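The structure under discussion appears below in the form of structure tokens.
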Amino acid sequence: MFKPTSVALGGLLWKTPWKLSVTRKANARARLKKVDAVIEAVRASGVQCKALDRSILLPKEHEMVPKDKYTVFSSTARGYRKGIHKVPKWTRVCPPFHTGKRSSHNRLQKLTLRVNPKGF
């Protein structure tokens, strides 16, 4: 006899909660603070590069509003915001960055979730 599973019944196997738990929020804040510490350590070492210049311009964890820490802009979500935990691989976001040419020089550019469009 076939035993119905959650997937067979039409549900998702891995369900994401509708809001972040207190523990996940604390982990997200700690992750932001660790990234800030790494950026500051690299800046203090005297290294110069374009990626470092871009990351210095980003807001630090203590400068961010809670709305920006835990939600991101989404053009498809109601209210144009969705929880950061709904973003696939939100702890290590790195989508492909294409220069428009088909070559081996297309590199991956880190996407930051710290900056959102103005007004949203």
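Just so it is clear, the structure is predicted and the values come from calculations on it, not from any experiment.
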TODO: Establish whether Val47 and Leu58 are linked, either directly or via other cluster members, by ILVMFWY side-chain heavy-atom contacts under 4.5 Å.
DONE: no
Open item on the list: Show the nearest heavy-atom pair for residues Leu32 and Lys69, with the distance to one decimal.
Closed with: CD1-CG, 4.3 Å
Open item on the list: Between the side chains of Glu40 and Arg43, is the shortest nitrogen-to-carboxylate-oxygen separation below 4.0 Å, so that they form an ion pair?
Closed with: yes
- [ ] Tell me, yes or no, whether the heavy-atom count around Phe73 atom CZ, taken from other residues, nucleotides or ligands under 6.0 Å, exceeds 12.
- [x] yes
- [ ] Quick one: closest heavy-atom pair of Val72 and Val87, and the distance?
- [x] CG2-CG2, 3.6 Å
Task: Donor-acceptor under 3.5 Å (His85 side chain, Thr16 main chain) - done: no
Open item on the list: If you define the side chain from C-beta out and look only at heavy atoms, does anything of Arg81 sit under 4.5 Å from Asp68?
Closed with: yes
TODO: With rounding to the nearest 0.5 Å, note down the distance linking CE in Met64 to OH in Tyr70.
DONE: 9.0 Å
Open item on the list: Less than 4.5 Å apart, side chain to side chain, heavy atoms only: is that true for Ser74 and Lys86?
Closed with: no
Open item on the list: Would you say that Thr71 contacts Ile84 through its side chain, given a criterion of any heavy-atom pair below 4.5 Å between the two side chains?
Closed with: no
Task: Distance (rounded to the nearest 0.5 Å) between Arg31 CZ and Arg24 CZ - done: 9.5 Å
Open item on the list: Between Asp53 and Gln48, is there a side-chain heavy-atom distance shorter than 4.5 Å?
Closed with: yes
Task: Under 3.5 Å: donor-acceptor pair, side chain of Arg114, backbone of Pro59 - done: yes
